[in-house]
Amino acid sequence: MYELEKETYLGNTKNIFNTQEGIAVVETEYQNKVYEGWHSHNNAHITLFLKGGTTEKRKNSSETLGPGSLLFYHSDELHLNQNTLFPSRNINIEIEENLLKELFINEAEIEKSIQNSVYAKSLILKIFKETQSADSFTNDNVKMLFSQLSNSNVHLERFEKSPFWVKSLNELLNDCWNENPNLKDLAQVLNLNPITISKHFPKYFGCTLGEYMRRIKINRSLSLIHSNEINLTEIALECGFSDQSHFIRTFKNQTGFLPKQFQKL
């Protein structure tokens, strides 16, 4: 078994940003085959796959991952990676134990928070963007964004205990992710009063209907942008935006990056 110290990963480290307050943002890339045996990391961390992918194995599971995939690793958790696609690139948000104590959260709560993957990806990209042009506000901004991420499990707990129609609505919205449904249409499909959805939506989803749909659309666009098979105009239309400029504005608002900047990562 191979134990990795903090801010150390098996790939090549491109950039490290450390707030000196318990959060490190580490960008790694994989150009060639690396160690494929069991290993662990001293600190808990979240990994967002930007490019490439791998087969991730843990004690009781195995999962094939690609661009846009999101994982949480507990401190000292054994895992291994095989069949890596080159080139691969990851963003790692590393969390030290002292920060968890300061924020009164634990690793299990962070793991649950990233189950809200669409929102989590948006915040991780914003954190990463902050580190690209650091200034006197960056440390505080990174900490605030991470706090938002770690607190998103509150809405997940509400969602898990929600009425049946909430889960049906969530499935419906994800099925029609490239459309622009309104409250009236959704209510008709679910046999509900539109006011019921309007009143309770923020409680269970943590945002408005429009914001939720924008998050879904941008999440879907992440892998399309890195596919290099279609241009931004085509991506905008495929994801249900009225035009490319609307897509660009929304993408920047959700991730902190312009689509072309994200494409170059």
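Just so you know, these numbers come straight off a predicted model, no measurement behind them.
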query: Do the ring planes of Phe205 and Phe201 sit parallel (below 30°), tilted (30 to 60°) or perpendicular (above 60°)?
result: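 Rings of Phe205 and Phe201: parallel, as their planes differ by under 30°.
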
Check the surroundings of atom [atom1] in [X]: do more than 12 heavy atoms from other residues, nucleotides or ligands lie under 6.0 Å from it?
X: Glu97; atom1: CD; result: no
X: Lys252; atom1: NZ; result: no
X: Lys203; atom1: NZ; result: no
X: Tyr2; atom1: OH; result: no
X: Gln188; atom1: CD; result: no
X: Asp243; atom1: CG; result: yes

message: Pairing donors with acceptors under 3.5 angstrom, does anything connect the side chains of Glu7 and Asn18?
response: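 Side-chain D/A pair, Glu7 to Asn18: present.
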
Test ring pair (Phe, Tyr, Trp, His ring centres under 6.0 Å) applied to His79 and His74, step by step: CA-CA 10 Å; His79 61 282; His74 291 274; over 10 Å; no

- request: Step through it carefully: locate the ring centre of Tyr119, locate the ring centre of His155, and say whether they are under 6.0 Å apart.
  value: no

message: Lys167 vs Glu171, test: salt bridge (Lys or Arg N to Asp or Glu O under 4.0 Å). Steps then yes/no.
response: CA-CA 6 Å; Lys167 297 178 178 62; Glu171 291 177 2; over 6 Å; no

message: For the CD atom of Glu102 and the CD atom of Glu21, what is their distance to the nearest 0.5 Å?
response: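 Result: 7.0 Å between the selected atoms.
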
- prompt: Does the side chain of Gln31 reach to within under 4.5 Å of the side chain of Pro87, using non-hydrogen atoms?
  reply: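 With C-beta onward as the side chain, the pair touches.
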
- prompt: With no hydrogens and no angle check, is any side-chain donor or acceptor of Gln263 less than 3.5 Å from a backbone partner on Ile225?
  reply: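 Pair found, side chain donor or acceptor close to backbone of Ile225.
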
